[in-house]
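What follows is one structure encoded as structure tokens, with my remarks underneath.
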Amino acid sequence: MSLIEPGGIDCDIHPSVPNLTALHPYLSDHWRDIIHQRGMHELNSIAYPANAPLTARPDWRVPGKVPGSDLDLLRQHALNPFRTSLAIANCLYGVQLLFSEDMGAGFAKAVNDWMAREWLDKEPRLRASIVVPAQNPEMAVEEINRVAPDKRFVQVLMLVMGDMPLGKRHYWPIYQAAEKHGLAVGIHAGSAYRHPVTPLGWPSYYTEDYAANAAAFQQALSSLICEGVFTKFPDLKVVLLESGFTWLPAHLWRLTKFWRGLRMEVPWVDRSPTEVVKSNVRLTITPCDSPPTEDMFQTLMEHMDSNELLLFSTDYPHWQFEGEDVLPPGLSREMVRKIMIDNPRATYARLTETVA
Amino acid sequence: MNVQVTTRPTPSAVNQSKLATADCDIHPQRRSDKDLHPYLEQRWIEHMQMFGARPRQAYQNGPAYPKGQPNAARRDAWPPGGKPGSDLPFLREQLLDANNCVLGVLNATGDNGQSYQNREFGAAICHAMNEWLIHEWLDPEPRLKGSLVVPYEDAEAAVKEIERYAGDPRFVQVLMLNRTSEPAGQKRYWKVYEAAAAANLPVGVHAFGFGGHASSGSGWPSYYIEDMVGHAQSCQAFVTSMIVEGVFERVPGLKLVMIEGGFAWVPPMLWRLDKLWKTLRVETPHLKRLPSEYAREQLWLTTQPMEEPLKREQVLDTIEWIGWDRLLFATDYPHWDYDDPAHVLPMPVAEEKKRGFFLNNAVALYRQG
């Protein structure tokens, strides 16, 4: 393992909504009534089955608590041991999975207000992402505009698999609003399950469902670049969260080669995809789907061809590593500092604004 | 359709020897549907004329993503008066002789019956394709070997087709397309893999196919470039399903060849699966070994379109990780993204590795030694 740098910035932790009741104070009367009248269930996505090993590390499971739902435990498990100065909370409660756009908007608003009151107000090391109803970009923009004045929100949060590929013009109002407010766009593993998670249909095993996120990120990246999102919004930073990252060189080799052969189809893509990624795209480091040897990992880092792409993350409470072994082995002190401090600060404009 | 193509001098001369090659992805095309008539019942000839192919896609003719070039072909690959890949003497001269190709594997993809909505009609077309391959390509040109076109969505019909040609030395593998209707490792396809293994035939899985699902987990992308790049992601889904469902465990004699999907995605996909298996193996007790170990023994990949890092030599790292014995050279003739054997490895490579890459791996896999 590589030693961590004190004061690091953890770019992907997951505070959980313990239950719908916790959102009651932040919902309008209408949605509170609806919960009871219709007997709504919790909005927990199948992306993380409650008792699946990956969903929470065994030593981070506490009887009677939904993993990630308790601030003291989060301090004890994630913030303190990694000597984290700041951590970005990405709430994965499944409001983007709802088919009703109105309900998605109503619950996204509640999640954001719950996040501000129950977490950010109580723990100064926390920052958060704005949960948006991606089902309807117009409503998503309204929510961004409503929450953005609170500078503790540093990012807009979307899922990697939604109704349509993320680069489509349909979503551009969201990117425009994010760029305007100096917010990054964080794209997290997971699906709204509008489509099967693979191009071959629904897989049998949860293992495959989770594995499929890597391919989904590859395709989301293709879409964002080919549609010209970064030509239109050159200052936009997109962060791939819980994406894995070891697939990146292979994907960029292929995408850049096809861009050379087919750029007449997407003439607005005026730089090579590899260059676009270096300037506009970042990836969190956990899970690290690393090769079996340290030598191979070093070679892979050379293939990455930049020391600015990776951002530190624990992915708390998901089970991706043991103990404090969060960083892959063989990283230099300088690289660790880049990953844990410099790169997150360079990515999230708002982090430096709010740090004393 | 031919345009005048000016040959420009190319900078890489390191490997410009005329080593013998095996070309593991060549695409023959029929001159017209009439080429299949001798091998079809009258009912299906009439059906074809009246209703057309009706694959699981929108258009009667041509793809929903217009190709990068007419017929996706090299501009110089149009034989006089015909379509690219439809003229054996022209192909002999432009491809086989020019590349000193001693073994060429024909993958009759495109409109071949495999992705038709009407499965019974599709099975009839698949069979006709195989007879057409024998009569127009494999018998006249012994350097060419065939991939057996099977209606894999209907396993029973596919098994029948495999058993019909088992032992026929003109066919060297069973052909599937990548975008299946359900993840490829699922039970409905197992009989196809068992029959292929029993016939000592690898299963070659070519890019494309119309399984009926969007080509990404987020729906349909806008562009041909995304569709093309996306074959690598479809391949990942295919191989992941084969591994996690335990197909390699259940059918140890199965040899899988992924064709035209690239290969650099293989190591990171396997690292991910190995890592996940350690956390989640309780879900898949039918797996006895690490996912990467199944791939190391039972997976091969064709090389085209060759991976091209900015630092070209980095691809050698990737090949080392996969294994030099796993890669099968392919040109994808007559398509526009054709790879020229003189230029795919423009860096020094040990002679033995190079010979495996260009020839010996394919000779061994397809038992042509």
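Reminder, nothing fancy here: chain letters follow the sequence lines and each chain counts from 1.
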Region of [X] in contact with chain B, defined by heavy-atom distances below 4.5 Å:
| X | value |
| --- | --- |
| A/Arg57 | neither |
| A/Val160 | backbone |
| A/Thr256 | neither |

Derivation of the side chain to side chain contact (heavy atoms under 4.5 Å, CB included) call for B/Leu276 and A/Asp289: CA-CA 9 Å; B/Leu276 277 175; A/Asp289 302 321; 5.9 Å; no

Roughly how far, to the nearest 0.5 Å, is the [atom2] atom of [Y] from the [atom1] atom of [X]?
| X | Y | atom1 | atom2 | result |
| --- | --- | --- | --- | --- |
| B/Gln314 | A/Asp305 | CD | CG | 6.5 Å |
| A/Gln219 | B/Glu226 | CD | CD | 8.5 Å |
| B/Ile225 | A/Ile225 | CD1 | CD1 | 9.5 Å |
| A/Met264 | B/Tyr224 | CE | OH | 8.0 Å |
| A/Glu208 | B/Ile243 | CD | CD1 | 10.0 Å |

With a 4.5 angstrom heavy-atom cut-off, is it the side chain or the backbone of [X] that approaches chain A, or both, or neither?
| X | result |
| --- | --- |
| B/Met306 | both |
| B/Asn178 | both |
| B/Thr284 | side chain |
| B/Val266 | neither |
| B/Phe263 | neither |

Determine the option with the most heavy-atom pairs under 4.5 angstrom with chain A, choosing from [options].
| options | answer |
| --- | --- |
| B/Gly262, B/Ser222, B/Gly230, B/Gly68 | B/Ser222 |
| B/Thr240, B/Asp317, B/Thr318 | B/Asp317 |
| B/Pro183, B/Pro268, B/Ala264 | B/Pro183 |
| B/Gly217, B/Pro221, B/Ser181 | B/Gly217 |
| B/Glu320, B/Gln69, B/His286, B/Lys311 | B/His286 |
| B/Gln186, B/Glu307, B/Met269 | B/Gln186 |

Against chain B, work out which of [options] has the most heavy-atom pairs shorter than 4.5 Å and name it.
| options | value |
| --- | --- |
| A/Ala216, A/Ala220, A/Pro196 | A/Pro196 |
| A/Val197, A/Thr207, A/Thr198 | A/Thr207 |
| A/Phe245, A/Trp253, A/Trp202 | A/Trp253 |
| A/Ser222, A/Gly244, A/Pro292, A/Ala214 | A/Ala214 |
| A/Tyr206, A/Trp259, A/Trp319 | A/Tyr206 |
| A/Gly162, A/Ala192, A/Pro287, A/Pro249 | A/Gly162 |

Side chains of [X] and [Y] in contact at under 4.5 Å (non-hydrogen atoms):
| X | Y | answer |
| --- | --- | --- |
| A/Tyr205 | B/Leu280 | no |
| A/Leu262 | B/Trp336 | yes |
| B/Ser218 | A/Met161 | yes |
| A/Pro199 | B/Ser234 | yes |
| B/Trp271 | A/Met296 | yes |
| A/His303 | B/Pro309 | no |
| A/Asn213 | B/Arg272 | yes |
| B/Val229 | A/Lys257 | no |

Under a 3.5 Å distance rule, please check whether [X] uses its side chain to pair with a backbone N or O of [Y] as donor and acceptor.
| X | Y | answer |
| --- | --- | --- |
| A/Arg254 | B/Pro305 | no |
| A/Gln218 | B/Gln233 | no |
| A/Arg194 | B/Gly219 | no |

Salt-bridge present (B/Glu308, A/Arg260; N to O < 4.0 Å): yes

Shortest non-hydrogen contact between A/Pro53 and B/Thr279, atoms and distance: CB-O, 3.4 Å

Check B/Tyr223 against A/Arg169 and note the closest heavy-atom contact, atom names and distance. OH-NH2, 2.7 Å

Is the number of heavy atoms from other residues, nucleotides or ligands under 6.0 Å of B/Lys191 NZ greater than 12? no

